[in-house]
2 protein chains.
Amino acid sequence: MDVESLGDLAQKQIRELIITGAFKPGQQLKEEELCSRFQISRPPIREAFKMLEAEGLVTRKPRRGVFVAEMTPKDIWEVYTLKAVIYQMAAALAMAVMTDEDAQALEAAVAQMTAVVASPPVDLRQYQLHHRVFHEIVMTLAGNDRLAKIERNLRFQVSRISYTSLKDPTHLQASLAYHRQIAAAMKQGDRPLACRLMKAHVLEALDLALTLLPVDSGEPVRDRGAAPLSADADLLEVAL
Amino acid sequence: MDVESLGDLAQKQIRELIITGAFKPGQQLKEEELCSRFQISRPPIREAFKMLEAEGLVTRKPRRGVFVAEMTPKDIWEVYTLKAVIYQMAAALAMAVMTDEDAQALEAAVAQMTAVVASPPVDLRQYQLHHRVFHEIVMTLAGNDRLAKIERNLRFQVSRISYTSLKDPTHLQASLAYHRQIAAAMKQGDRPLACRLMKAHVLEALDLALTLLPVDSGEPVRDRGAAPLSADADLLEVAL
DNA sequence: TTTTCGTCTATTGTATACAATAAAGGTGAA
DNA sequence: TTCACCTTTATTGTATACAATAGACGAAAA
């Protein structure tokens, strides 16, 4: 019945608290505090910490404690550029096995997204939900569990930021348009176009995320060269 | 001084035992056995298990125990196709900031690899070492820590297999030739060529790995379609 | 002979207790 | 008043002890 250990449960709950923003970046997570919150003892909490650390959601300072991971502009850049590549790979793999029904499922997801946007006030949670369905269809078709795991992890790391991005009406419209075009390109079997659109979609999100980020941390983004910390579309032009 | 916790130490040691093949795939890792081996108590061992599980090196069956992860052909395919994309992205990013000195460092690594191959009996460990230096230079230049972490993880998962692959003289020669060409392409700034070579290099390794794998598990590789579980070079043609 | 049920044991899951360390605060002297 | 050092305290790191569960083995009945 209760197959999940308390450690796994705690991991999920703490993760949820982090990605929803209840636990803010930089905040220390004290073991005893979480013990009393979840009414369990410390070992499961510690195990949850270890897993969350591996996921990159918390950082551990030895003998100091664990803290919610902070996102610098560099971190944002890292996650989004990776997402651009991951999504392109997923799209390419998915198109190799996609059927007409799959294409229709994608279009249905886009239709749902359209419906949400068309009926103000826009329910962002709802939009996010259908948006996720869209990408989940693609990931499932791709058939690479490790790819899906990486995508999931990257999504967690920028979940708050990507949610905030949707509050920008212009970006919301652009996002919707992108997904409509991506679905069409995938249906028609135009792989280069689908990949280009996927890349452009993610890199546009990156640009917005960088502007949304509080500009408190002015650390350099790239160590070498004067490459700006932005959406270098050309740079991500590689052959999968 | 001893900044690392026993859990972190245990993780490293167990991981080393797994990737060197001392702990075989499918083998159960009993907590008490490792306790007596490392002369520590169970909590640090359990923490190490959690981290290794997140890395994908072990799988945990609830109330049963943890087992060294097994690699099916599907798993091999997943890891290598991901590596192909990861390495291409790394190469593309690296070339954007690469200096002449960096190019020379790459060529130096290739020279070391060449020297090892030229002096039989070939010291595979030594070759592997210089091979890793080559890719580490590229990853460092890429400047994406998350990308590096993913690459590291993927490398761990197929470390035994990739080592075994080197015992094939033909593949060893091909590997060397690839890296020489990749270094040249990166030096000349020919990004498409460098990416294509990276992809071809990894996908060739995939084909070999699939033949080397014991054919005990005949499970289907892809759920949908009749796509063969091989190096679909074209399929991985996407725009980073 | 086979199958099923029950007990038993080995192993994981959880809790409590103890040790060690690092940061914070206070006290002393310069 | 300020700085250095000591003491204290809060928090993590580790160990031991207990509980629960799943699998194995054996016995009994069909």
(message) Whole angstroms only, please: what is the CZ-C1' distance between B:F49 and C:dG13?
(response) 13 Å
(message) When the axes are fitted on five pairs at both termini, how much does the helix from C:dT1-D:dA30 to C:dA30-D:dT1 curve, in 10° steps?
(response) 10°
(message) Rounded to whole Å, how long is the line connecting atom CZ of A:F38 with atom P of C:dG13?
(response) 19 Å
(message) Can you list everything that forms a side-chain hydrogen bond (donor to acceptor under 3.5 Å, both in side chains) with A:E151? Sequence neighbours excluded, please.
(response) A:Y87, A:R155
(message) For a quick check under 3.5 Å, do B:Q157 and A:R146 share a side-chain donor-acceptor pair by atom type?
(response) yes
(request) Please determine, for the side chain of A:S41, which listed nucleotide (D:dT16, C:dG13, C:dT16) has the closest atom? (result) C:dT16
(request) Whole angstrom is fine here: how far is it from CD in B:E33 over to C1' in C:dA10? (result) 13 Å
(message) Is the phosphate of C:dG13 approached by B:R60 (side-chain N or O, under 4.0 Å from OP1 or OP2)?
(response) yes
(message) Rounded to whole Å, please give me the gap between CD in B:E31 and P in D:dT14.
(response) 16 Å
(message) Quick check for you: among C:dT21, C:dA15, D:dA15, whose closest atom lies nearest to any side-chain atom of B:I40?
(response) D:dA15
(message) Under 4.0 Å, counting only non-hydrogen atoms across every strand here, what does B:P44 touch: a base, just sugar-phosphate, or nothing?
(response) sugar-phosphate
(request) Could you check how far CZ of A:R63 sits from C1' of C:dA23, rounded to whole Å? (result) 14 Å
(message) If I take atom OG1 from residue B:T81 and atom CG from residue B:L206, how far apart are they, to the nearest 0.5 angstrom?
(response) 7.0 Å
(message) Once you apply a heavy-atom cut-off of 4.0 Å, does A:I45 come out as touching a base, just sugar-phosphate, or nothing?
(response) nothing
(request) Rounded to the nearest angstrom, tell me the gap between atom CG in B:L29 and atom C1' in C:dT12. (result) 13 Å
(message) Going by the rule salt bridge (Lys or Arg N to Asp or Glu O under 4.0 Å), which residues pair with B:K83 if we only count those two or more places apart in sequence or in a different chain?
(response) none
(request) Classify the nucleic acid contact of B:R64 as base, sugar-phosphate or nothing, counting any heavy atom under 4.0 Å across all strands shown. (result) sugar-phosphate
(message) Checking B:R160 now: which residues fulfil salt bridge (Lys or Arg N to Asp or Glu O under 4.0 Å) with it, not counting sequence neighbours?
(response) none
(request) For B:K12, check side-chain hydrogen bond (donor to acceptor under 3.5 Å, both in side chains) against everything at least two apart and list the hits. (result) B:E4
(request) Write down the distance between CD (B:E47) and C1' (D:dA15), rounded to a whole number of angstrom. (result) 12 Å
(message) Rounding to an integer number of Å, can you tell me how far A:K50 NZ sits from D:dT12 P?
(response) 12 Å
(message) Please determine whether a side-chain nitrogen or oxygen atom of B:R46 lies at a distance below 4.0 Å from atom OP1 or OP2 of C:dT14.
(response) no
(request) Map A:R42 and A:G7 onto DNA chain C by nearest heavy atom, then report which one ends up closer to the 5' terminus. (result) A:G7
(message) Once side-chain hydrogen bond (donor to acceptor under 3.5 Å, both in side chains) is applied, do any residues pair with A:H130, and if so which ones, sequence neighbours excluded?
(response) none
